[in-house]
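Take a look at the structure set out below.
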Amino acid sequence: MTAAFLIFMYVKFELSYDNFNEKSDQIYRIVSDIKTPTETLNWSSSIAPIGPALQQDYPEIKANTRIFGAGFLVQRGDSKLQENNALFAEPSLFKMFSFPVIKGDVGKAFSLPYTIVLTEKAAKKYFGNENPIGQSLILDGKNPASVVAVVKDVPSNSHFKFDMLVSIATIAKQSKDRLNQWGNFGNFTYILLPKGYDANKLQSRMKAFVNRHYTAADKKQGMDYSFFLEPLKDVYMVSKRGAPESGNLYNVRIFSIIAVFILLIACINFINLTTARATERAKEVGIRKVIGAMKQQLTIQFLSESVIICLISFLFSALFSFLLLSLFNQLAGKVISDSIFHNGYLFQLFLIACVIGLCAGLYPAAVLSNFKPVTILKGRFSKSAKGILLRKGLVVTQFTISIVLIIGTIVVYNQLSFMRNQSLGFQKNQMLTIDFSGDSAIQSRQEIIKNELKKIPNVLGATASGAIPGFGNSVAYSEIQNRAGAMQQMNMNMYDIDYDFIPQFEMKLAAGRIFSKAFGTDTTQAIVINEATAKSLGYRNPADAVGRNYSQWGRTGKIIGVLKDFHFQSLQETVKPLNMRINTRGTGAFTLKIEAKNVPATISAIQNRWKALAPERPFNYVFVDETFNKQYASEVTFGNLFVNFAVLAIFISCLGLLGLASYSTIQRTREIGIRKVLGASVSGIVNMLSQEFLILVLISSLIAFPIAWFTMHSWLQDFAYRISINWWIFVFAGVLALVIAFTTVSFQAIKAALTNPVKSLRSE
């Protein structure tokens, strides 16, 4: 019950994302499809002008709001911190979303440039116990911004989170055109519709809206834009477009099934053991019926006993859940709740306990209350063939579930291991990345800083880039000459790099050459693409793409090389088209290759040198392999939870089988004694007692195999690169189930077989 309750809390939390917003059923996110001649991109982002334009064209829209991702070097006094959990936002955010204001003004004050709103946590971080309203923080070393409000910390079940909001008017102050560009997909847009309004009406008008606002020049580029309304409640759990934080509905369903399985197995144990021990209560039933007890009264009595047992279990379950919640939060990788007393969890657990008691006790109560008193009191009571058949069927059900879970555990473990150990096509180990967030002062001294960092002992190399595998990257509208000679439009992933990037990450060349200082035009006219780009352009041989023309973000030139595909994104996605170009003004991080020995000392030396070279920037570093693996955090969490609860379910099955085997052995004590007197061996008796259960496990295996294959095959479809479900997994799971069953049963069988037959026969 404890295990099922914790899973129930997790599932309820996952399904509760964004429900804290009072107007959640009225809020929609605007998402985009961008179609080029060769591809369609499904993006969760939209364009800055679309929200205001939609509200102007369709007055039924009550409000719109936009958010842009942001990061700042925040300074107060001598303290400097890199704040990456920041957003550009506007006052309308608070009209739509339920972020309660503790103090200050999120209306007119927040509509001015260089104004900021902090969460409670951020206010504490920057100002301690002082009142932050009206005080200033320096952003990026030059822009003082005034704190105008403090809001409550963002709930953990919000699909986007922040510690700091900077007014969107700040963007307009810095760049007048950014909020008016119809081709720049760099923000998230939300609209608020009237309560009860049919969003399909607005959706049907979106095509006409696009035709009105996109010019002939836009269409001439070969780009076709479509926009869709996505309900806020679908953003986290249902949407396949992604979000700052997203869930997996299939995984939630699997956990729900596991919780049901655990309770079902426990109920089967209760039913099996209660009905198996029915003979011990037969005389009680017979006597009670003789003195006038009605069948209905007996049924209520036995049901009440079952419910009382479950309610006692409920008390222990509540205690265990309370004690284990903190540990479970760690296992889940998020705070699903800080108390079982919140959100009505305890009352819901009480109701679940009552339902379990009724379900588990219903059949045993019916069996016990149906005994005929005359037959029982004459001593002619015998086991029901139907009852024995039912118990066997329930054991088959138990082990079918257990074998499905064993197979699932193996598949989940192997897939996670595959993702962690799969060759990515580049070197990610011992790579330390220092984030300087595109600071122009650092960019201007890039080569000097690199050379100084390379002088540190145990630092083998240094490179600067705007993106690193696993960190995200820019996407650029590009035109590249395809196999037919035409300039093909594409939205391409792009890396701004320096000359050392490709060699340091040990990326392999498929054709052509990489960037070289020997060619002066490489900084302005050359790009390197990956094999996926060459294939999308129609080139079967990568070498055929070398020398072809391109145009991208104001640059024109030639493709000088083709890299072998490497996984710059998670293995859940196929390798997409990518190009690299030399651009020192687009870099935002240094990556150092370091020796595997004396890592703490090396990091300390790098930190000291960094403080001397760039005192204006904090030393924020990560390792590439750790960051890349963070992409699998949700899958690792799923794997950990799945394995733990699967093992628990299997253990509960074994407990039931142990109890049933124990009772079966006790019932055959006289038979075992006689067989031993007649010369039966210990191994023979063990085989006799085990055989019946092992046959049931074999039947369970035949039922479990197709169910497990279908379930895990469906789960693996979320991964572009995945393992195959090999036949040996099923054989191993079946053999393991047999071993578990045999070990469980033989424990009691050996004990019975070793008992002195004289003692058995005398006592019986």
Side-chain angles (χ1 to χ4, degrees), residues 68-76 79-88 122 125-126 137-143 161-164 166 186 244 426-454 456 459-474 493-498 500-501 504-505 568-569 580 583-594 599-600 602-631 633:
F68 294 77
F72 302 96
L73 177 65
V74 180
Q75 181 178 350
R76 183 172 187 251
S79 174
K80 295 180 182 178
L81 296 171
Q82 180 64 37
E83 182 61 74
N84 290 324
N85 196 22
L87 297 171
F88 284 111
K125 178 171 70 173
Y126 292 114
L137 295 172
I138 307 298
L139 304 182
D140 292 333
K142 55 187 176 183
N143 300 311
K161 298 178 176 66
F162 59 85
D163 287 328
M164 173 186 288
V166 178
F426 70 94
Q427 176 58 258
K428 64 182 174 67
N429 296 322
Q430 302 308 127
M431 295 286 192
L432 182 149
T433 296
I434 305 170
D435 176 24
F436 63 83
S437 301
D439 189 315
S440 57
I442 302 290
Q443 288 173 345
S444 64
R445 296 180 288 124
Q446 186 170 289
E447 286 302 312
I448 296 171
I449 294 173
K450 268 177 55 181
N451 291 331
E452 288 298 315
L453 291 173
K454 283 193 285 187
I456 299 171
V459 173
L460 305 177
T463 182
S465 62
I468 295 159
F471 282 71
N473 52 266
S474 301
N493 295 284
M494 183 186 71
Y495 277 22
D496 285 319
I497 63 172
D498 65 10
D500 299 313
F501 184 86
Q504 183 167 306
F505 278 92
F568 59 94
Q569 295 171 321
M580 298 183 185
N583 181 22
T584 56
R585 289 183 296 178
T587 58
F590 291 112
T591 300
L592 312 183
K593 185 175 183 180
I594 64 175
V599 173
T602 303
I603 293 174
S604 179
I606 295 169
Q607 181 176 13
N608 292 333
R609 188 67 57 88
W610 179 261
K611 286 179 179 178
L613 293 167
E616 71 276 18
R617 300 293 312 186
F619 180 66
N620 294 325
Y621 75 93
V622 292
F623 282 96
V624 173
D625 57 343
E626 292 177 355
T627 303
F628 197 90
N629 289 337
K630 279 183 181 177
Q631 297 178 105

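Computed from a predicted model, the values in this text were never measured in an experiment.
Note: F162 CZ to F88 CZ = 14.5 Å, rounded to the nearest 0.5 Å. Rounded to the nearest 0.5 Å, atoms CG (L139) and CD (Q75) are 10.0 Å apart. F471 contributes atom CZ, which lies 14.0 Å from atom CD of Q569 (distance to the nearest 0.5 angstrom). Taking CG of N143 as the start and CG of L137 as the end, the distance is 12.0 Å to the nearest 0.5 Å. Atom CD of E626 sits about 10.0 Å away from atom NZ of K428, to the nearest 0.5 Å. Atom-to-atom distance recorded for R445:CZ and S440:OG is 10.0 Å, nearest 0.5 angstrom.
A distance of 6.0 Å or more separates the ring centres of Y621 and F590.
Other residues, nucleotides and ligands contribute at most 12 non-hydrogen atoms within 6.0 Å of the NZ atom of K611.
Residues I603 and F623 form a side-chain contact, since some pair of their non-hydrogen atoms from C-beta on lies under 4.5 Å apart. Residues M431 and I468 have side chains not in contact (no heavy-atom distance under 4.5 Å, counting atoms from C-beta outward). Residues L73 and P618 have side chains in contact (heavy-atom distance under 4.5 Å, counting atoms from C-beta outward). Under the 4.5 Å side-chain criterion, counting only non-hydrogen atoms from C-beta, T587 is in contact with Q443. Taking 4.5 Å as the limit, some side-chain heavy atom of I606 sits within range of a side-chain heavy atom of I434. Using a 4.5 Å heavy-atom threshold, the side chains of R617 and S437 count as touching. A 4.5 Å side-chain heavy-atom check between V599 and Q430 finds at least one atom pair inside the cut-off. Side-chain contact between N84 and N620 is absent, with no heavy atoms from C-beta onward closer than 4.5 Å.
Residues K450 and D498 share a closest heavy-atom pair of NZ-OD2, 2.8 Å. In terms of heavy-atom proximity, I442 sits nearest to A614 at CD1-CB, 3.5 Å. Considering every non-hydrogen atom in both G472 and A467, the closest pair reads O-CB, 3.4 Å. The two residues L453 and R609 come nearest to each other via the heavy atoms CD2-CG, 4.3 Å. Shortest non-hydrogen contact noted between T463 and D500 is OG1-C, 3.6 Å. Pairing each heavy atom of F436 with each of A589, the nearest pair is CE2-N, 3.3 Å.
Listed for the N583 side chain is no donor-acceptor partner under 3.5 Å among the backbone atoms of D496. When atom types are taken as modelled, the side chain of Q427 and the backbone of Q504 share no donor-acceptor pair closer than 3.5 angstrom. A donor-acceptor pair is defined here as one N or O able to donate and one able to accept, closer than 3.5 Å; no such pair exists between the side chain of E452 and the backbone of I449. When atom types are taken as modelled, the side chain of E83 and the backbone of F72 share no donor-acceptor pair closer than 3.5 angstrom.
Using cut-offs of 30° and 60° on the angle between ring planes, the pair Y495 and F501 is perpendicular.
Using modelled atom types and a 3.5 Å distance limit, the side chains of N493 and N473 yield a donor-acceptor pair.
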